[in-house]
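If you read the sequence from its start, that first residue is 1, and numbering goes on from there. Remember, it's 1-based here, ligands and their atoms both numbered in the order they're listed.
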Amino acid sequence: MKNLIGIEDFSKEEIDKLIEISKDIMTNKTKYIDKCKGKILATLFFEPSTRTRLSFESAMLSLGGNVIGFSSASNSSTSKGESLADTIKVVSGYSDIIAMRHPKEGAPVVAADNSNVPIINAGDGGHNHPTQTLLDLLTISKEKGHIDDLVVGLCGDLKYGRTVHSLVTALSLYSNIRFVFISPKELKMPEYVKTTILDKKGIPYIETNDLEGSIPELDVLYMTRIQRERFSDIAVYERLKDVYILDKKKLENAKKDLSILHPLPRVNEISVDVDDDQRACYFRQAENGRYMRMAIILKLLGEIDFENKSHDNAIIDNNLRCQNDKCITLEERGLKPLVIKDDNGKIRCKYCEHDISVI
Ligand code: CP
């Protein structure tokens with residue numbers, strides 16, 4: 001069974017192939033109009049979305065397929081107490097592929113364990129958003145002409161912003177990448193990303209709270225929204241929400257070929273006066289999502305050959321429980337206490353990947 005749970009499910013070669021196919025779809029749309037005739041995509045969105053859900057639906061319709069689904073948890077039977085496992089068992093009987101967004105970290109692993117059809121993680125809490133990362137890479141490739149040899153600044157909510165976790169993981173596969181992490185101290189990049197991905201591979205990064213001072217050296221600036229919905233203390237959100245606002249003035253010393261990306265939606269973090277700057281790529285980036293998601297659907301439905309990493313290397317340990325209060329294991333009934341040992345020997349929750357070795 002082929003699933004896309006985290007970006008590490010695809011090798012660099014597979015990612016490059018997806019980028020190549022997305023570009024081919026853009027220039028040869030008619031070649032693809034019947035590729036998924038008779039197939040059904042289910043979009044199960046337990047959290048709000050504009051781009052991800054609608055671009056997935058547009059992607060499947062553009063491939064000649066059909067779409068079913070719901071756009072909020074309140075429109076599904078989970079609002080009556082149904083478990084995620086039961087929902088997936090049922091929907092996988094109605095569809096050929098499922099794209100799911102869920103507020104709990106690790107929920108896509110539960111979905112994959114209970115599905116007869118491929119599962120696509122369309123965002124799980126503050127954890128991962130691999131399809132966003134694939135369209136981000138497509139955008140970088142189109143805008144810069146290459147993905148290697150870049151200084152990439154990531155700015156804003158690096159703690160809860162799921163897109164940046166997947167993006168750093170993916171960019172770590174490319175050569176000569178240097179990261180500049182720009183955030184307030186409360187919203188720094190999680191330790192697990194820095195230690196298990198960057199330190200392990202010797203990839204350089206610096207951490208700073210200075211956006212304006214960092215801009216001149218950047219090739220790519222990836223802005224993010226402060227994720228209001230992930231804060232347990234709303235007063236902290238109110239204090240931090242406008243900490244970074246990119247405007248024309250801050251771009252005065254930026255490179256002429258800087259690429260400004262943002263997964264969107266934005267709130268205040270990019271002033272609208274930046275939108276007509278050619279370096280602002282975020283609306284082109286959103287459009288790229290349609291073509292990348294067409295390529296992802298084709299790949300997971302077996303139109304393109306690839307090997308899929310298994311999430312089945314987990315072991316049961318009844319003595320270990322995940323302590324991450326945002327993990328799906330705290331909500332879903334009947335899950336086995338599954339853990340995995342990572343390459344550094346750390347014990348992690350199979351579902352949300354939090355380190356549980358110390359418990
Ligand atoms: N970038 C992104 O995931 O946008 P939506 O929340 O609108 O899907």
Side-chain angles (χ1 to χ4, degrees), residues 4-7 18 22 41-62 67 69-76 97-105 107-108 111 119-140 142-143 152 154-171 220-231 237 241 246 259-270 274-275 280-297 326:
L4 175 52
I5 306 299
I7 194 67
L18 282 167
S22 306
L41 166 74
T43 54
L44 311 186
F45 277 63
F46 296 89
E47 259 196 349
S49 165
T50 296
R51 275 145 294 276
T52 311
R53 186 172 68 83
L54 295 181
S55 65
F56 260 120
E57 296 189 356
S58 172
M60 191 48 147
L61 295 171
S62 302
V67 177
F70 52 79
S71 58
S72 88
S74 62
N75 288 338
S76 79
I97 186 164
I98 296 173
M100 183 187 81
R101 172 169 291 184
H102 198 282
K104 289 290 176 187
E105 299 180 10
I119 294 290
I120 302 171
N121 178 8
D124 60 326
H127 188 211
N128 279 320
H129 195 351
T131 68
Q132 177 69 44
T133 291
L134 290 166
L135 77 90
D136 295 342
L137 294 177
L138 170 61
T139 305
I140 293 171
K142 281 182 69 195
E143 299 287 336
V152 180
L154 300 118
C155 176
D157 188 346
L158 307 187
K159 179 179 180 186
Y160 297 120
R162 56 192 170 200
T163 64
V164 292
H165 308 155
S166 300
L167 183 59
V168 168
T169 306
L171 284 171
V220 175
L221 172 57
Y222 194 96
M223 295 295 295
T224 62
R225 178 176 64 91
I226 308 294
Q227 305 273 307
R228 183 180 194 279
E229 62 276 30
R230 313 273 176 232
F231 282 76
Y237 168 75
K241 67 179 181 185
L246 182 69
S259 296
I260 305 164
L261 276 70
H262 189 311
L264 304 179
R266 79 171 145 189
V267 185
N268 288 327
E269 58 279 0
I270 302 182
V274 176
D275 293 359
C281 306
Y282 30 92
F283 291 113
R284 297 194 289 277
Q285 180 186 359
E287 186 179 348
N288 289 338
R290 176 182 176 192
Y291 303 108
M292 175 50 82
R293 287 178 173 122
M294 286 172 78
I296 292 166
I297 290 169
K326 295 184 166 62

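Among all protein heavy atoms, the one lying closest to atom 7 (O) of ligand 1 is T50 N, 2.8 Å. When hydrogens are left out, the protein atom nearest atom 6 (O) of ligand 1 is R101 NH1, 2.9 Å; that is the closest non-hydrogen contact. Nearest protein heavy-atom neighbour of atom 4 (O) of ligand 1: R51 NE, 3.0 Å.
Not one N or O on the side chain of T163 forms a donor-acceptor pair closer than 3.5 Å with the backbone of H129.
The aromatic rings of H102 and F46 sit tilted, their planes meeting at an angle between 30° and 60°.
Among R53, E57, R101, the single residue meeting the side-chain hydrogen bond (donor to acceptor under 3.5 Å, both in side chains) criterion with T43 is E57.
Considering backbone and side-chain atoms alike, R53 places every N or O at 3.5 Å or more from each N or O of ligand 1.
The shell of residues lying under 4.0 angstrom from ligand 1, judged by heavy atoms, excludes E47.
Interface of T52 with ligand 1, defined as ligand atoms under 4.0 Å from a residue heavy atom, comprises 2 (C), 3 (O), 4 (O), 5 (P), 8 (O).
With a heavy-atom cut-off of 4.0 Å, L264 touches ligand 1 through its backbone alone.
With a 4.5 Å cut-off on side-chain heavy atoms, T131 and N121 do not count as touching. Between D275 and R266 the shortest side-chain heavy-atom distance falls below 4.5 Å.
No side-chain donor from either of H262 and Q285 sits under 3.5 Å from a side-chain acceptor of the other.
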